[in-house]
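Single-structure report; data block below.
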Protein chains: 2
Amino acid sequence: MFNKKLTLHLDFHSGLPIYTQIVTQVQSQLANGILRPGDQLPTVRALAEELRVNFNTVARAYRLLDEARIISTQQGRGTYITEIPPPKVSERLRQESIEALTLRFFGEARRLGFSKGEVSQMVRDQLKLWKDTQDAEKE
Amino acid sequence: MFNKKLTLHLDFHSGLPIYTQIVTQVQSQLANGILRPGDQLPTVRALAEELRVNFNTVARAYRLLDEARIISTQQGRGTYITEIPPPKVSERLRQESIEALTLRFFGEARRLGFSKGEVSQMVRDQLKLWKDTQDAEKE
DNA sequence: ATGACAATGATACAATTAGTACAATATTTA
DNA sequence: TAAATATTGTACTAATTGTATCATTGTCAT
C-alpha cells in the first residue's frame, strides 16, 4: 500500500517519449492490479533518479496522469493513485460536499449572530460578482 | 463542555492538506452541534499525536480557525470554541467577519468546482430553512 | 543546411509538513 | 506567597515535494 517500488522498464531507443512510456506503464500496472487505488507513487525526483532522467520528465508524466484523473499529485505531499468512486457514488459525494459546505457556512453565520437578512444580502452580493467562467449556468 | 474527544478522520490521500481537513471538520462539528461554544479543543500536541501528524500542522489549522474567529487560542491556556460574540462589538468587525466568512464559502465552493447555479440553489434551500428565531432582523 | 517542433534538462519557485527554540500561562511545591 | 516546573501555543527555519518557465537538444520536412 505504501511506497511500492514501481519498477518501470524504459526503452530509450524505442522512439517513444520517456514520459509516454511512464504514463502507459503506470496505466498498465494499475490495470493489472500491480498498482492499486491509494498507492503512493515515488516522488518525481526519486523516480527520476532511478530512471536516470530529469525529474521534469517524470513530472510531465505525472501531470498527464493527473489530468486523466488516474493519479492525484499534491504539491508538498506526494502523488497517489486516485481512488475511483463509481460515478453514482461520485455524484452523491459531490452533492454531500456542497451541502456540508453550505451547512457549515450557515451554521457559522448564525453562530456569529448574523441575521437571515444580513447573510442573504451578503450572499446576493457575492453571487452578483460570480463570473461564470466556463460555467454557462444561466437561471 | 470540557475536553471532548474531537474525533477527526483524516484522509492522507484525498488531495486536501491535513490542516485543511482539520479546519473543515472542526467547522462541521460546530455547525452540527457536536462542538459547542466554550468547548475546549485538544492541545496542538495531543491532537497531533492522535492524528499522527506534526503538531505544527495542527497549530496551523488552529491558527486558521482562530483567524476566522471560530476558536480562540491562548498561549499557555489552550484553545476553545469562541463564545458567540455579543452583537454589540464594533459594527466594523462584525461586517468584516461576515464578509470574510462569505468570501471563504464562495471561494471554497468554486475551488471544489461547483457552478454558480448549484451554489445559488443550495443557498436558497438553506435560506428557506432558516428559522428566524429572535433575530431582530433590522434592515 | 535550416527552420519548426517536440522532448528533455536546468533553474527558480511554491505548498505542505517537520524540527527546534521560545514565550505565556497554569500548576506544583517549598 | 514565591519560586520552580510543567503545559500550551508561537515563531522561525528547514526539508520534502510538486510546479512553472525557459533553455537546450534532437529529429524531420523543406
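What you see below is based on every heavy atom in this structure, not just the backbone, and it leaves out hydrogens, waters and symmetry mates. We name chains A, B, ... by the order of the sequence lines, and we start the count at 1 in each one.
For DNA chain C, the contact window with chain A, defined by any atom under 4.0 Å from a protein heavy atom, covers C:dA7 to C:dT17 in 5' to 3' order.
Side-chain atoms of B:N54 come within 3.5 Å of backbone atoms of B:N56 as a donor-acceptor pair (strictly under, hydrogens ignored). A:Q29 places a side-chain N or O within 3.5 Å of a backbone atom of A:T7 that can act as its donor or acceptor partner. Panel note: side chain B:Q25, backbone B:H9; a donor-acceptor pair is recorded below 3.5 Å.
Remark: A:E67 engages A:R63 in a salt bridge, criterion side-chain N to carboxylate O under 4.0 Å. Using a cut-off of 4.0 Å between Lys/Arg side-chain N and Asp/Glu carboxylate O, A:E49 and A:R45 are scored as not salt-bridged.
Between A:R111 and B:L30 the shortest heavy-atom distance is NE-CD2, 3.1 Å.
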What one-letter contact string describes nucleotides 2-21 of chain D from 5' to 3', where B marks a base within less than 4.0 Å of any protein heavy atom, S marks contact via sugar-phosphate atoms alone, and - marks no contact?
------BBBB-----BBBB-
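Contact annotation: the side chain of B:L41 never approaches that of B:L47 to less than 4.5 Å [non-hydrogen atoms, C-beta and beyond].
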